[in-house]
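Proteins come first, then strands; the chains are lettered A, B, ... in the order of their sequence lines, and each starts at number 1.
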Amino acid sequence: MAEVGLKNVKKSYGGMQVIHGIDCAIKDGEFMVLVGPSGCGKSTLLRMIAGLEEISAGEISIDGRVVNDVEPKDRDIAMVFQNYALYPHMSVYDNMAYGLRIRGLSKAEIDERVNKAAGILQLQELLQRKPRQLSGGQRQRVAMGRAIVRDPKVFLFDEPLSNLDAKLRVQMRVEIKQLQNRLGTTAVYVTHDQVEAMTLADRLVVMNAGVAEQIGAPLEVYAKPASLFVAGFIGSPAMNFLAGKISGDGRAVELAGGARVALADGRFASSAGRKVTLGVRPEHLVQDGAGTAAHFQLAIELVETLGADTLLHGRIDGKGDGLIVRVDGATMVKSGQTLALHAPPGALHLFDGETGKRLSD
Amino acid sequence: MRKVGFNNKLLPYLLIAPQIAITAIFFYWPASQAVWQSFLIQDAFGTRTEFVWFENYEVLFKDPTYFNAFIVTVVFSTAVAALSLGIALLLAVQADKQIHGSGPYKTLLMWPYAVAPAVAGVLWLFLFQPSLGVLAKLLRSMGVDWNPLLNGNHAMILVIIAATWKQISYNFLFFLAGLQSIPKSLIEAAAIDGASPMRRFWTVIFPLLSPTAFFLLVVNVVYVFFDTFGIIDAVTHGGPAKATETLVFKVFQDGRLGGDLGGSAAQSVILMFMVIALTAIQFKYIERKVHY
Amino acid sequence: MVERRPFSNLLAHLILWAGIIVVVFPVYYTLIASTHNPRDIFNGEIGFLPGGVPTENYKAALFAGAKQVKTTPATVMMLNSLAMALMIAVGKIAISIISAYAVVYFNFFGRMFAFWTIFVTLMLPVEVRIYPTYKVVADLGLLNSYWGLSVPLIASATATLLFRQFFMTIPDELVEASKIDGAGPMRFFWDTVVPLSRTNMAALFVILFIYGWNQYLWPLLITTDATMDTIIVGIRRQIVTSDANTDWHIVMATAVLAMLPPVAVVVFMQRLFVKGLVETEK
């Protein structure tokens with residue numbers, strides 16, 4: 001068990017820099033998720049921690065030891081790959097035992113460790129099978145077994161669930177989380193799936209174009225996204241964005257379409273007249289009831305019923321910006337109807353119109 | 001080369017050394033010797049050598065026997081390639097039609113690949129042996145004065161038959177594989193469009209098969225150039241009167257019996273260039289995939 | 001097929017069977033001839049059925065050889081052929097797999113140069129450089145030896161290219177998993193690359209065995225000692241241009257013996273054979 005420290009870590013291929021200096025301290029026993037769209041550098045970063053990619057600049061340490069020039073095998077890490085990377089010619093047992101044999105453990109100890117891991121992962125019946133005789137979920141378990149028999153300081157996961165079907169993915173997600181809780185081993189987990197990120201992480205790093213846009217606990221990232229990118233990436237359906245500017249008195253945002261949305265009292269007085277993007281999550285828009293003032297009239301164009309919820313797609317005043325609202329599944333609305341909506345001041349996010357950074361409250 | 005590998009400094013050189021050594025000693029050195037010798041003339045006693053630039057080549061191009069060998073090679077390779085490709089394609093198309101699988105036919109048709117060219121030559125020589133061969137007798141009974149030992153055309157026909165027989169299985173296997181890789185849905189689509197079986201073959205199947213056919217054409221020509229040495233040596237010895245003396249056979253004869261190392265080397269060099277040209281054409285066309 | 005056409009189907013079977021007869025006939029006839037006595041063969045009176053001496057010709061061929069022109073017994077020649085074929089097959093596979101491994105898994109100075117050095121040899125069969133190669137072998141004192149028979153034919157690119165192509169299909173993650181498991185390059189080679197290459201090695205072995213067994217020009221040139229004859233060369237030596245001196249009954253039995261091992265390999269290892277054939281030609 002160990003901390004993992006990243007200090008101003010950079011990566012370039014030839015002259016092109018793909019990771020632009022990442023700082024992050026992963027605590028002992030923490031489950032850290034690196035999340036972002038494909039090409040954002042999250043896998044490269046993980047592979048640098050593993051020692052599979054060279055570190056162009058900066059410093060990576062594991063358990064206090066700088067590992068920049070340490071071979072993967074000497075870093076005391078274990079990794080679960082996206083395609084599992086099981087040795088196709090070895091049995092499940094041998095796949096798990098291979099690394100232990102190379103390290104020269106005694107036969108008895110290998111046997112004990114493999115059987116213990118197999119017990120945890122319910123692989124006892126499958127130990128003599130070859131990987132091709134296993135289902136996707138079983139292969140996934142073997143890959144995890146290979147990691148846990150080693151009892152490493154850090155687990156590294158590279159999109160381990162992306163080759164599974166949706167149902168199995170949910171099941172394995174729960175298993176991984178339970179396993180990590182039980183073993184208490186530090187874990188770094190890469191995914192592009194924000195649901196996976198939110199459910200697994202103790203903390204997450206949201207990455208975009210080689211930069212860590214935000215590092216924080218899932219709910220913190222959800223509640224206070226640090227940038228437009230994070231706001232749009234975390235949460236489903238994505239946050240609604242509306243262009244506008246802060247009114248002269250700093251108490252409201254005047255939208256391009258003319259609507260005026262009130263802000264919580266006076267927080268943005270100093271920013272009067274500033275161009276901003278107003279963000280509000282679909283689940284935070286409420287139907288106009290007694291005592292609230294309607295902000296927009298939404299002309300509904302499409303209704304998606306999900307069962308528990310219903311998603312309404314529409315346009316403000318039937319011609320302005322597109323907006324998505326999540327309402328209770330019992331709500332009866334049809335496309336063509338118009339809905340009066342209210343955006344509560346507490347649910348509003350403001351981002352700078354130029355930099356996209358969150359305007360602090 | 002892949003992006004993931006090992007960083008050892010010395011190990012890769014050790015791993016590649018045996019092959020490089022053998023290639024250098026038995027390939028590059030002899031090949032360069034062939035080029036070098038093709039510019040030399042040795043006197044009859046092997047005591048004096050003279051550097052003569054392209055004289056060996058000039059002599060060669062004026063030599064009617066070399067021209068003869070060239071014509072023999074062209075006739076021989078054209079006939080064998082055309083016959084073996086044609087017959088193999090016919091058989092492969094029929095085998096591909098079989099609903100219950102082409103497996104047994106494949107097994108029955110492919111094993112002549114394993115017969116050595118020289119042995120194939122001996123088998124056919126025995127069948128067509130003028131005095132005791134069963135097929136020779138048949139021809140005589142039909143009034144043909146069959147004698148490959150004296151008649152150059154007969155000798156040529158005999159080596160063509162032997163060489164074709166040996167090559168059918170190879171072409172068959174590749175044609176069958178090519179046919180089986182054509183998606184059935186394409187043929188069904190053509191059938192729904194109303195194309196008759198013949199039309200389907202010429203407008204859908206054959207164009208899709210053309211990369212295979214082209215590949216085989218080159219392989220067959222190379223085969224006829226080199227591998228048939230055994231057939232010719234076993235069946236006709238290049239005779240009668242050089243009627244079946246191919247370019248490769250002539251290199252062999254001139255170098256061994258004539259002792260004309262310079263001339264033989266010049267012939268080798270010309271052959272090298274022919275093969276390089278053939279291979280280059282093949283690579284170029286394979287890259288373009290011929291028809292896609 | 002798309003439509004049912006009984007007639008065209010019948011025709012297809014007829015064509016196929018005609019093809020099979022043409023392909024089988026020379027070998028069948030050789031087999032028949034090898035069981036007849038020399039006089040009947042010489043008079044051309046053997047018909048199409050087995051003769052009365054099923055084993056005599058084989059005994060003579062195996063242990064004595066032809067009589068009118070003295071040749072080596074087939075047992076000796078088959079051993080020579082076997083040695084040559086095995087040395088070529090094993091040697092080529094061993095040398096190629098390690099050189100392909102070097103080219104694919106290491107980044108070293110001169111890598112591309114080494115690759116092209118090997119690749120170019122793809123184009124040139126031994127026939128086009130036959131005498132200079134002969135001279136090298138003679139200078140090394142390897143005439144009339146198994147080394148001389150096999151080593152020069154090991155220098156070829158096909159096997160290296162095949163292994164290279166196969167190695168490119170092994171997922172990168174397997175290398176990475178091995179590294180994390182603590183395996184170095186040679187350990188990865190023995191524990192993962194070699195086991196995964198087994199089918200390819202077997203397929204290649206089938207093709208190379210046939211290639212080695214069937215060699216003709218090279219052994220003809222570098223063996224002058226009759227006890228070093230391979231069986232393919234030996235048959236040729238049994239045939240004399242003046243027909244009266246050829247022991248055809250011995251030739252026929254020897255021909256069957258010469259065909260037997262490679263044909264058996266093709267028939268019994270059909271899948272490996274087809275795989276090897278198709279993949280070495282890419």
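- With chain B as the partner, the residue from Lys179(C), Met112(C), Glu173(C) showing the most heavy-atom pairs under 4.5 Å is Lys179(C).
- Ala120(B) is linked by a side-chain contact (heavy atoms from CB on, under 4.5 Å) to Val115(B), Trp165(B), Lys166(B), counting only residues two or more places apart in sequence or in another chain.
- For a residue to count as touching a neighbouring chain, one of its non-hydrogen atoms must lie under 4.5 Å from one of that chain's; by this rule Val136(C) touches chain B with the side chain only.
- Note: Phe215(B) and Phe174(B) meet the aromatic proximity criterion, with ring centroids under 6.0 Å apart.
- When ring centroids are compared, Tyr223(B) and Tyr170(B) stay outside the 6.0 Å threshold.
- Top candidate by heavy-atom pairs under 4.5 Å with chain B, chosen from Phe25(C), Phe115(C), Tyr29(C), Tyr134(C), is Tyr29(C).
- Interface remark: of the candidates Leu221(C), Ile210(C), Leu217(C), Leu217(C) forms the most heavy-atom pairs closer than 4.5 Å to chain B.
- Proximity to chain B involves both the backbone and the side chain of Val151(C), based on heavy atoms less than 4.5 angstrom apart.
- Of the two parts of Leu140(C), only the side chain, counted from C-beta on, holds a non-hydrogen atom closer than 4.5 Å to a non-hydrogen atom of chain B.
- In this structure, Arg164(C) contributes its side chain and Val104(C) its backbone to no donor-acceptor pair below 3.5 Å.
- Residues Tyr113(B) and Phe273(C) bring their aromatic ring centres within 6.0 Å.
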Name the atoms and distances for all side-chain donor-acceptor pairs under 3.5 Å in residues 16-29 of chain B, with sequence neighbours left out.
from, atom 1, to, atom 2, distance (Å)
Gln19(B), OE1, Ser99(C), OG, 2.5
Gln19(B), OE1, Thr160(C), OG1, 2.8
Gln19(B), NE2, Ser156(C), O, 3.2
Gln19(B), NE2, Thr160(C), OG1, 3.0
Thr23(B), OG1, Gln19(B), O, 2.6
Tyr28(B), OH, Thr117(C), O, 2.7

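- For Gln267(B), no part lies under 4.5 angstrom from a heavy atom of chain C.
- Of the listed residues (Pro152(C), Pro185(C), Gly19(C), Ala12(C)), the one with the most heavy-atom contacts under 4.5 Å to chain B is Pro185(C).
- Residue Lys92(C): no heavy atom, backbone or side chain, is found under 4.5 Å from chain B.
- Contacts with chain B were tallied for Phe109(C), Phe189(C), Trp213(C); Phe109(C) has the most, counting heavy-atom pairs under 4.5 Å.
- Of the two parts of Leu11(B), only the side chain, counted from C-beta on, holds a non-hydrogen atom closer than 4.5 Å to a non-hydrogen atom of chain C.
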